[in-house]
Amino acid sequence: PSTYTHNENKIYASASGVFLTEEQKQVMVCLDSRELRSGVPAELERLGATLQIEGNMEVGDFIVSDRMAFERKTCPDFLQDWITNRELFPKLIDLKMAYHRPIILLEGYIAELFELRGIDQQKVQACLYTIARMGIPMIETINSAGTARALYWFADKEQNDDHRVI
């Protein structure tokens, strides 16, 4: 939205033409109830987000707009879904079909994927390349607080800058 300065306070023009101060801007994140124990929801609330908790969502873990959803994975979860359960790519295909802008949030360091379980580095790289070829960006965050900050930022951009709804 357009930004104006009045008495050193930023004022934003909303989609409806109503002017909002920084305090009035709202951010909502829809999340799968299975993510409640992750620490991410508590951090999102601390950042000021409104949470909409769904039961077991069919696709994605977090939704920030009608076009953007996130699949959150810790490094051990990523490997579990990819190697043991063989659920990673079916989940990503569903996410890609349901949302125009699907994103993977990888909590931890990508280097951990090479070290955990002693998996061949070339196999991990092939997996990551396949995800990239699918057109699904992967964002690395350090921990649940970093994941929450990333989600909040994307939700704010989608909802307040691009006027998207969930």
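In this chain, residues are counted from 1 in sequence order.
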When you group the ILVMFWY residues by side-chain heavy-atom contacts below 4.5 Å and let the links chain together, are [Y] and [X] in the same group?
{"X": "Met68", "Y": "Leu92", "answer": "no"}
{"X": "Ile53", "Y": "Phe62", "answer": "yes"}
{"X": "Trp153", "Y": "Val40", "answer": "yes"}
{"X": "Ile139", "Y": "Leu79", "answer": "no"}
{"X": "Ile93", "Y": "Met138", "answer": "yes"}

Could you go through the side-chain contact (heavy atoms from CB on, under 4.5 Å) check for Asp94 and Glu58 one step at a time? CA-CA 9 Å; Asp94 290 346; Glu58 290 183 29; over 6 Å; no
Value rounded to 0.5 Å, distance of [atom1] in [X] from [atom2] in [Y]:
{"X": "Ile131", "Y": "Lys96", "atom1": "CD1", "atom2": "NZ", "result": "12.5 Å"}
{"X": "Leu151", "Y": "Ser144", "atom1": "CG", "atom2": "OG", "result": "11.0 Å"}
{"X": "Ile136", "Y": "Glu71", "atom1": "CD1", "atom2": "CD", "result": "9.5 Å"}
{"X": "Thr50", "Y": "Ile166", "atom1": "OG1", "atom2": "CD1", "result": "9.5 Å"}
{"X": "Met134", "Y": "Leu95", "atom1": "CE", "atom2": "CG", "result": "8.5 Å"}
{"X": "Phe78", "Y": "Leu105", "atom1": "CZ", "atom2": "CG", "result": "12.5 Å"}

CG (Leu36) with more than 12 external heavy atoms under 6.0 Å: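 Buried by this count: over 12 neighbours within 6.0 Å.
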If you count every heavy atom of other residues, nucleotides or ligands that lies below 6.0 Å from Phe89 atom CZ, does the total exceed 12?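 More than 12 within 6.0 Å, yes.
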Show the nearest heavy-atom pair for residues [X] and [Y], with the distance to one decimal.
{"X": "Gly48", "Y": "Tyr152", "answer": "C-CE1, 4.1 Å"}
{"X": "Ala145", "Y": "Glu43", "answer": "CA-CG, 3.8 Å"}
{"X": "Asp61", "Y": "Arg72", "answer": "OD2-N, 2.8 Å"}
{"X": "Leu44", "Y": "Ala148", "answer": "CD2-O, 3.4 Å"}
{"X": "Pro137", "Y": "Pro102", "answer": "CD-O, 3.2 Å"}
{"X": "Val29", "Y": "Ala155", "answer": "CG2-CB, 4.1 Å"}

The test is side-chain contact (heavy atoms from CB on, under 4.5 Å); show your working for Val64 and Arg164 and say whether it passes. CA-CA 9 Å; Val64 300; Arg164 305 301 293 209; over 6 Å; no
Would you check, one step at a time, whether the test side-chain contact (heavy atoms from CB on, under 4.5 Å) holds for Ile63 with Met57? CA-CA 10 Å; Ile63 301 168; Met57 296 189 330; 4.0 Å; yes
Ignoring hydrogens and geometry, is there a side-chain-to-backbone donor-acceptor pair from Glu45 to Leu51 under 3.5 Å?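 No; judged by distance alone, with no hydrogens or angles, the pair does not exist.
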Val124 side chain near Ile110 side chain, heavy-atom distance below 4.5 Å: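 Not touching, per the 4.5 Å side-chain cut-off.
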Is any side-chain heavy atom of Leu31 less than 4.5 Å from a side-chain heavy atom of Pro41?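 When only atoms from C-beta onward are counted, Pro41 and Leu31 do touch, with a gap below 4.5 Å.
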Basic-acidic side-chain contact under 4.0 Å: Lys73, Asp77: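 No.
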Salt-bridge present (Asp32, Arg34; N to O < 4.0 Å):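 Salt bridge: yes.
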Indicate, with yes or no, if the rings of Phe154 and Phe70 have centres closer together than 6.0 Å.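 Yes.
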Under 3.5 Å side-chain donor-acceptor pair for Thr141 and Thr147: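 Judged by distance alone, the side chains do pair up.
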Candidate pair Ser38 and Glu107, rule side-chain contact (heavy atoms from CB on, under 4.5 Å), full reasoning: CA-CA 11 Å; Ser38 69; Glu107 236 174 68; 5.8 Å; no
